[in-house]
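Single-structure report; data block below.
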Amino acid sequence: MSKEHIETPTDETLKSNFIHQEIDKDLQENKNQGKVLTRFPPEPNGYLHIGHAKSICLNFGLGKHYNGATNLRFDDTNPVKEDVEYVDSIKEDVKWLGFEWQGEPRFTSDYFDQLYAWAVKLIKKGKAYVDDQSAEQIASQKGTPTEPGKESPFRNRSVEENLDLFERMKNGEFEEGEKVLRAKIDLASPNMHMRDPLMYRILKRHHHRTGDKWCIYPMYDFAHGQGDFVEGITHSICTLEFEVHRPLYNWFLDQILEGEPAPEARPRQIEFARLNLNYTVMSKRKLLQLVNENYVSGWDDPRMPTISGLRRRGYTPASVRRFADEIGVAKRENVIDVSLLEHCVREDLNKRAPRVYAVMNPVKVIITNYPEGQVEWMEAINNPEDESMGTRTLPFSREIYIEREDFMENAPKKFFRMDVGREVRLKNAYIVKCEGIEKDESGEITEIHCTYDPNTKSGMEGSNRKVKGTLHWVSIEHSKTVQVKQYDRLFMDEAPDGHKDKEFLEFLNPDSLSVIDNCYIEPNYKDAGANFEDGIERYQFQRLGYFCIDKDSTEKQVIFNRTVALRDSWSKKKK
RNA sequence: UGUCUCGUGGUGUAAUGGUAGCACAGAUGGUUUUGGUCCAUCUAGUCCGGGUUCGAAUCCUGGCGAGACAACCA
C-alpha cells in the first residue's frame with residue numbers, strides 16, 4: 001500500500017498493540033459497562049518531551065479508538081517541584097499535538113480533601129499509622145529486596161492516638177520531617193512498595209493551586225490510583241517502572257472500597273516500555289540541567305527533545321503522531337533511532353512544504369552575455385508533490401548566487417554540478433555554461449563567469465536538453481538576507497547517559513548549533529503558500545532541507561531554523 | 001543472591017500452534033528541471049538446550065542475558 005498522505009488525526013489508523021488486545025478482552029467481559037476512559041497524568045514539574053508524546057498519542061489514541069475519552073490530569077502532589085508555568089506548557093503541547101481532553105483539566109490537588117478522608121478511614125481500620133522516625137531511620141528499617149524489613153517502634157500505636165496525631169499533622173503542629181503517615185501492610189513483602197509505604201508527609205509549602213491550605217501532602221502512591229478511580233478511569237496506561245506499584249494501588253483501593261457499594265469502574269493499570277531515543281537524553285532532571293546551566297537556550301531550544309523544542313525546530317504535529325504510531329507499543333526496552341523521527345518529518349513536509357530558493361553559502365556568478373539591468377520573472381511550482389499549491393514568480397538577473405559547494409574545479413565525472421567548461425541547469429531559468437573563475441590571493445573563488453543559452457529558458461523547447469546537474473540560485477539584487485540556524489544532534493554519543501564513569505555532559509556536541517547570518521532567499525518566498533495548522537511557516541529550501549521561521553524573528557531580522565536536511569545520497573557516496 | 005517484567009534482522013514492531021511480515025537504516029538500479037520525491041531489487045532475524053506436537057517465534061521445562069524495585073520524587 002503506498003502512502004499517499006500522512007494520516008490526519010481523524011483518520012489515523014492506529015497500529016494494533018498488546019494494550020488493544022487487553023482492552024478488547026475487558027470489553028468482551030463487559031467490564032466497566034463497556035466504557036473506555038484513559039488519562040494522561042503528567043506532573044507539572046518540567047516540560048513535556050518526545051517520550052511524553054508517545055504516551056499522549058497512546059492514551060488519547062486509545063480514547064478515540066474505543067469511542068471513549070481521555071482526561072488530562074496534573075499529578076500535583078509535590079509543591080516543592082511544581083509550577084503553573086509547567087501546567088500551561090503541558091496544556092499547550094497536548095493541544096498542539098492535536099488532542100482534546102475531556103472537560104476541564106483535572107488536578108490531583110482537587111482530591112486532597114477526599115484523600116485525607118480516605119487516610120482517616122485507613123487509620124480507623126488500623127491500616128495506617130503515624131511514624132515519628134526520621135527518613136533515615138525508616139530507610140534503614142526497610143530491609144533490602146532480599147532481606148525483610150523491621151517494624152517501626154510506632155507501628156502499633158492505638159487508632160485514637162494515630163487519629164489525633166494525623167489531625168495535628170494536618171493542623172501544622174509538627175515540623176517537616178517530624179512525622180509521616182504510613183500504611184500498615186507487610187514489612188516482609190518481597191515487593192518493597194508494600195513495606196509500610198508512606199502515605200503523607202509534612203510539607204509547609206505553598207501549593208500552586210491549593211495555596212497554604214495544606215501542610216501535609218499525599219505521596220504519589222497514595223494519590224495516583226485514587227485519582228484514576230475518582231475520575232472513573234478504566235485503563236491506567238503507564239510505564240514499566242510502575243509495575244511494582246500496581247499491587248499497592250490495588251491494596252489502597254481495596255481498603256477504600258471496603259464496605260462501599262461496588263463502583264461503576266475500577267481502573268486497570270497496564271504498563272508499557274517508555275521511549276528511548278539515541279543521541280539524546282530524556283530524563284526531566286537532565287533536561288532541566290541543560291536548561292538551568294545554559295547548555296541550551298531554554299526548554300524550547302530546537303535541539304531539545306521536548307515537544308516545544310521539536311515544535312520550534314519545525315516538526316509538525318502530524319509528524320510526531322506518525323512517529324508515535326511507527327515506533328509501536330510493547331513491554332521490551334527499546335532505543336529508537338532518531339533517523340525514524342527525521343524520516344517522519346521529511347515525509348510530512350515533503351507533501352506539504354512549499355519549495356523556495358535560498359543560498360546558504362554563496363558564491364557570485366556573473367552571466368556575462370545576459371543584458372545588464374534586465375530582469376526576468378520566472379515561474380516556479382510551489383510544490384511538485386501538490387499541484388493545488390500553485391506557482392509563483394522569482395526574479396532572474398545577470399548576477400546571481402549559487403552554493404559554493406555547487407562548484408568544483410577539475411571535478412570528477414560523477415559530480416553533477418558546475419565546473420569550468422561544463423553546462424548546468426539553473427532550475428526554472430536557463431542552462432548556463434561555466435567559462436571561467438576568479439580567485440583572491442588565498443585561492444578562494446570570488447566570481448564565476450558563465451554564459452547562458454537564451455533558447456533554454458524553462459518551458460521552451462530548447463530547455464528539454466539533457467543536462468547533468470540542476471542548481472538552485474538567487475538573484476543577488478533581489479534577494480533578501482536572512483539568518484539561518486542549523487542544528488545537529490545535541491550529543492555525539494548514542495547513549496550519552498549510558499556511561500557509568502562519564503557524565504552525559506561530556507558528550508555534548510560543540511557543533512550542535514551553527515548560525516549563518518547571511519543567507520540569501522528569493523524575495524517572494526511568502527507567496528509560495530506555506531500553510532500549516534499551527535501557523536508556523538515551513539518551507540523546503542530547494543536541495544537543502546526543511547526550514548521554518550523562528551518565533552524570535554522580527555521584521556528587520558528573519559530567522560530560519562533548519563528542521564532537517566534533505567536526504568543526501570551524494571554526500572554519503574563521497575565517503 | 002529476592003520479587004516482577006522482557007528476549008524476533010543493525011533499530012523498532014507484527015505473526016497468539018500452520019508460508020517469519022512491515023517500517024526505519026544500509027546497498028544497487030530506474031525515473032526526475034531538487035543527488036529530494038517516487039518506483040524496483042537486494043542485504044539481514046526468532047538468545048541457548050531439552051520436551052510436547054504432523055507442525056513451535058508461539059505451549060512446557062532448564063539455562064543464559066537484559067531491565068525494574070530498597071526517595072518524606074513522580
Side-chain angles (χ1 to χ4, degrees), chain A residues 1-3 15-18 21 41-43 45 75-78 80-82 131 134-136 138-140 142-149 176-182 189-193 195 198-203 216-217 219-221 223-224 239-247 271 273 278 284-285 326-337 339-344 346-347 350-351 355 357 380-381 384-385 414-417 424-429 431 458-459 463-472 540-545 565-573:
Chain A
M1 200 172 75
S2 72
K3 280 175 283 182
K15 251 191 199 171
S16 181
N17 59 53
F18 78 100
Q21 294 171 14
E43 184 193 12
N45 69 341
D75 266 336
D76 53 352
T77 54
N78 186 2
V80 178
K81 291 184 177 173
E82 295 152 9
D131 196 332
S134 68
E136 296 70 35
I138 292 174
S140 72
K142 276 248 159 149
T144 69
T146 53
E147 296 163 51
E176 287 184 16
E178 257 184 66
K179 286 183 166 44
V180 291
L181 184 71
R182 287 229 257 170
S189 172
N191 183 340
M192 299 296 289
H193 296 275
R195 322 245 267 224
L198 268 61
M199 292 165 61
Y200 269 91
R201 77 287 216 193
I202 299 170
L203 245 31
I216 55 170
Y217 290 91
M219 300 294 291
Y220 173 85
D221 278 347
H224 183 82
T239 45
L240 253 26
E241 70 267 30
F242 293 104
E243 204 150 30
V244 277
H245 297 239
R246 196 191 329 138
E271 306 86 9
N278 59 11
K284 276 192 192 175
R285 203 206 93 230
E326 284 296 317
I327 60 178
V329 180
K331 294 192 82 157
R332 71 187 90 117
E333 298 288 330
N334 61 84
V335 183
I336 307 289
D337 201 317
S339 67
L340 181 60
L341 223 204
E342 294 178 343
H343 162 80
C344 291
R346 284 197 191 102
E347 182 185 36
N350 174 51
K351 290 280 188 287
R355 273 60 168 171
Y357 291 66
I381 289 168
E385 302 292 320
K414 285 277 186 182
F415 184 79
F416 300 151
R417 305 180 192 182
V424 293
R425 185 191 303 278
L426 296 175
K427 192 172 165 70
N428 285 303
I431 295 173
S458 290
S463 73
N464 294 336
R465 181 146 41 98
K466 286 273 178 224
V467 183
K468 260 192 197 161
T470 301
L471 308 187
H472 64 279
Q540 185 196 101
F541 287 1
Q542 202 92 233
R543 301 211 301 140
L544 295 177
L566 254 34
R567 280 189 67 208
D568 184 0
S569 49
W570 166 244
S571 69
K572 267 182 216 155
K573 207 172 273 183

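Treat the numbers as computed from the prediction; the structure is a model and nothing was measured. Chain letters run A, B, ... following the sequence lines, proteins first and then strands; every chain starts at 1.
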For [X] versus [Y], what's the shortest heavy-atom pair and its separation?
X: A:T144; Y: A:R195; answer: O-NH2, 2.6 Å
X: A:M192; Y: A:K142; answer: CE-O, 3.8 Å
X: A:Y200; Y: A:M219; answer: N-CG, 4.2 Å
X: A:T77; Y: A:R201; answer: O-NH1, 3.3 Å

If you measure from [atom1] on [X] to [atom2] on [Y], what distance do you get to the nearest 0.5 Å?
X: A:K468; Y: A:K414; atom1: NZ; atom2: NZ; result: 8.5 Å
X: A:L181; Y: A:I202; atom1: CG; atom2: CD1; result: 10.5 Å
X: A:R346; Y: A:R567; atom1: CZ; atom2: CZ; result: 7.5 Å
X: A:L341; Y: A:E326; atom1: CG; atom2: CD; result: 11.5 Å

Rounding to an integer number of Å, can you tell me how far [X] [atom1] sits from [N] [atom2]?
X: A:N45; N: B:A74; atom1: CG; atom2: C1'; answer: 7 Å
X: A:I381; N: B:G36; atom1: CD1; atom2: P; answer: 18 Å
X: A:H472; N: B:U37; atom1: NE2; atom2: P; answer: 17 Å
X: A:N428; N: B:U32; atom1: CG; atom2: P; answer: 17 Å

Look at all strands and tell whether [X] reaches a base, only sugar-phosphate, or nothing, counting heavy atoms closer than 4.0 Å.
X: A:Q542; answer: base
X: A:P42; answer: nothing
X: A:K284; answer: nothing
X: A:R355; answer: base
X: A:F415; answer: base

Dot-bracket notation for RNA chain B, counting Watson-Crick and G-U pairs under 3.5 Å, with | for partners on another strand
.((((((..((((....[..)))).(((((.......)))))....(((((..]....))))))))))).....
Could you work out which one of [options] sits closest to the side chain of [X]?
X: A:R201; options: B:G12, B:G36, B:C72; answer: B:C72
X: A:E326; options: B:A74, B:G35, B:A23; answer: B:A23
X: A:S458; options: B:G36, B:U33, B:C72; answer: B:U33
X: A:V335; options: B:G36, B:G35, B:G12; answer: B:G12
X: A:N78; options: B:C4, B:A74, B:G12; answer: B:A74

What interatomic distance, in whole Å, is found between [atom1] of [M] and the corresponding atom of [N]?
N: B:G49; M: B:A56; atom1: C1'; value: 15 Å
N: B:G10; M: B:U5; atom1: C1'; value: 25 Å
N: B:G30; M: B:G67; atom1: P; value: 47 Å
N: B:A66; M: B:U8; atom1: P; value: 14 Å
N: B:G65; M: B:C48; atom1: P; value: 15 Å
N: B:G12; M: B:U34; atom1: P; value: 36 Å
N: B:U1; M: B:G26; atom1: C1'; value: 44 Å
N: B:U31; M: B:A40; atom1: P; value: 15 Å

Tabulated below should be each protein N or O lying under 3.5 Å from an N or O of nucleotides 25-28 of chain B; please produce it.
unit_1, atom_1, unit_2, atom_2, d
B:G26, OP1, A:K572, NZ, 2.8

Please lay out, stage by stage, how A:N191 and A:S189 fare under the test side-chain hydrogen bond (donor to acceptor under 3.5 Å, both in side chains).
CA-CA 5 Å; A:N191 183 340; A:S189 172; 5.4 Å; no
Look for any protein N or O under 3.5 Å of an N or O in nucleotides 14-16 of chain B and output each such pair with its distance, or none.
unit_1, atom_1, unit_2, atom_2, d
B:A14, OP1, A:V329, O, 3.3
B:A15, OP1, A:Q21, NE2, 3.4
B:U16, N3, A:Q21, OE1, 3.1
B:U16, O4, A:Q21, OE1, 2.4
B:U16, O4, A:Q21, NE2, 2.3

Taking 4.0 Å as the cut-off, does a side-chain nitrogen or oxygen of [X] come that near to OP1 or OP2 on [N]?
X: A:K466; N: B:U32; result: yes
X: A:R543; N: B:U32; result: no
X: A:R246; N: B:U5; result: no
X: A:S189; N: B:U3; result: no

Is any N or O donor-acceptor pair between the side chain of A:E385 and the base of B:G36 shorter than 3.5 Å?
yes
Using a distance-only criterion (donor-acceptor N/O pair, under 3.5 Å, no hydrogens), is the base of B:U34 paired with the side chain of A:Q540?
yes
Mind checking side chain to side chain donor-acceptor pair (under 3.5 Å) for A:N78 and listing every partner two or more places apart, or none if nothing turns up?
none
Taking the basic N atoms (NZ, or NE/NH1/NH2) and the acidic carboxylate oxygens, is any pair closer than 4.0 Å for A:E43 and A:K81?
no
Taking [X] for its side chain and [Y] for its backbone only, find out whether a donor-acceptor pair lies under 3.5 Å.
X: A:S458; Y: A:A429; value: yes
X: A:R425; Y: A:S463; value: yes
X: A:N278; Y: A:V335; value: no

Can you list the residues that meet the side chain to side chain contact (heavy atoms under 4.5 Å, CB included) rule with A:N350, with sequence neighbours excluded?
A:R355, A:E385, A:Y546
What orientation do A:H193 and A:H245 show, parallel under 30°, tilted 30 to 60°, or perpendicular over 60°?
tilted
Has A:L203 got more than 12 heavy atoms of other residues, nucleotides or ligands less than 6.0 Å from its CG?
yes
Which atom pairs link the protein and nucleotides 68-70 of chain B when you take only N or O atoms and keep those under 3.5 Å?
unit_1, atom_1, unit_2, atom_2, d
B:C69, O2', A:H193, NE2, 3.2

For RNA chain B, whose closest nucleotide is more 5', that of A:V80 or that of A:N334?
A:N334
